[in-house]
A.B. asks: 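Input: one structure, supplied below.
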2 protein chains.
Amino acid sequence: MEADSRRRYTIGEVAHAVGMSVHALRFYEREQLLIGPIQRSAGGQRQYGAVDIDWLGICTRLRESGMPLAELRRFADLIRQGPGNEAERLRLLDAHQARVEKQIAALEEAREIIAWKTNVYQQHLRAGDASGLWDPTAPQDDQVT
Amino acid sequence: MEADSRRRYTIGEVAHAVGMSVHALRFYEREQLLIGPIQRSAGGQRQYGAVDIDWLGICTRLRESGMPLAELRRFADLIRQGPGNEAERLRLLDAHQARVEKQIAALEEAREIIAWKTNVYQQHLRAGDASGLWDPTAPQDDQVT
DNA sequence: CTGCAAGCTAGAGTGTCCTCTAGGTCAAGA
DNA sequence: TCTTGACCTAGAGGACACTCTAGCTTGCAG
């Protein structure tokens, strides 16, 4: 995420640095998810700069947090257009942040349910493997676990 | 999630109750993601019971928290086999819980980065829309935002 | 008894996000 | 120079989790 500001990096180096595959990097470029065009060597090979790597780091975070590529592209578009549309960038990020909060809440709820179930199993294991667990007999009022 | 233990429910009612589409419910059944076969009416229509609805509620939580269907199927298989494999169920849930923790951590990190970026934009908006933001000129040492 | 919403099946289609392939080219060490 | 590994493009392929379609049946309200 922090790289020498003057050096140029090959696609392989970048892939390693940001934890994506070279395939994915080329795919992102094709899909216009990067800001500014990536420079090329005389022979046509990509030469990424520190800025590109920083941006890819941000991309990774946004993706990991569930931002769809379409929205990431929108964000990249806005940045590519240069200063003047900060309000829209802000809206986009705010919307995403709301999504992230919601997802954290959902995950925490799931965590509790899992913990509860885990507990049920641990107790059954301690008690000797078969008490009130579900069983395809007596189709009424039994636990599912 | 808590339903009358004796009543039977149509697929539409269940879909509404658990927040899935009827398509998804049929799909889950085909894919063996449900425990026990769903009962049918004389005419062949599904009649879900409270147990099924409970299980679907758990499915929803596990899915929301990122458990792949293959693993959910594995879990359903274990339950279908009846008591005796609690240790394996526990392993499965523990593994998933670890995944959930990791995802929560990742989301919280992302949240901070987003908050920081949001801040940058807010400041720029307050300061008058164009200071040190990225601009396709002077390709060195500038912020990306 | 008629109408019509809701249900049925098997299988094809969709959207998302990469990943891989084929058929080459480039670059750097021995 | 030769070899080897990394890189190139355009497009096909694939995993995942549904979602929809077509053609038909059920079942309840009027």
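A quick note: this is a predicted structure, and the numbers were derived from the prediction, not measured. Chain naming here is simple, since letters A, B, ... match the order of the sequence lines and numbering starts at 1 in each.
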A.B. asks: Between A/Glu13 and A/Arg8, is there a side-chain N and carboxylate O pair less than 4.0 Å apart?
C.D. replies: no
A.B. asks: Indicate yes or no for a side-chain donor-acceptor contact from A/Arg6 to the backbone of A/Gly49 under 3.5 Å, with no hydrogens or angles considered.
C.D. replies: no
A.B. asks: Does the ring of A/Tyr48 carry A/Arg46 above it, NZ/CZ under 6.0 angstrom from centre and within 45° of its axis?
C.D. replies: no
A.B. asks: Using a 4.0 Å cut-off to any heavy atom of chain B, which nucleotides of DNA chain C are the first and last in contact, reading 5' to 3'?
C.D. replies: C/dG7 to C/dG11
A.B. asks: Can I get a per-line list of side-chain donor-acceptor pairs under 3.5 Å for residues 62-70 of chain B, giving both atom names and the distance, sequence neighbours left out?
C.D. replies:
| from | atom 1 | to | atom 2 | distance (Å) |
| --- | --- | --- | --- | --- |
| B/Arg63 | NH1 | B/Met67 | O | 2.8 |
| B/Glu64 | OE1 | B/Arg61 | NH1 | 3.2 |
| B/Ser65 | OG | B/Arg61 | O | 2.9 |
| B/Ser65 | OG | B/Leu62 | O | 2.8 |
| B/Ser65 | OG | B/His96 | NE2 | 2.9 |

A.B. asks: Aromatic contact between B/Phe75 and B/Trp55, with the criterion being ring centroids under 6.0 Å apart: yes or no?
C.D. replies: yes
A.B. asks: What is the per-nucleotide protein-contact pattern of nucleotides 18-30 of chain D, from the 5' end, where B denotes a base atom under 4.0 Å from a protein heavy atom, S denotes such proximity for sugar-phosphate atoms only, and - denotes neither?
C.D. replies: BBBB----SS---
A.B. asks: Send over the distance from A/Glu13 CD to D/dG5 P, rounded to a whole Å.
C.D. replies: 18 Å
A.B. asks: Would you confirm whether A/Arg80, through its side chain, and A/Ile35, through its main-chain N or O, come within 3.5 Å as a donor-acceptor pair?
C.D. replies: no
A.B. asks: Are any of the side-chain nitrogens in A/Arg73 or A/Glu29 under 4.0 Å away from the carboxylate oxygens of its partner?
C.D. replies: no
A.B. asks: Tell me the interatomic distance from A/Gln39, atom CD, to D/dC7, atom P, rounded to whole angstroms.
C.D. replies: 17 Å
A.B. asks: Taking the side chain from B/Gln81 and the backbone from B/Ile79, do they hold a donor-acceptor pair closer than 3.5 Å?
C.D. replies: no
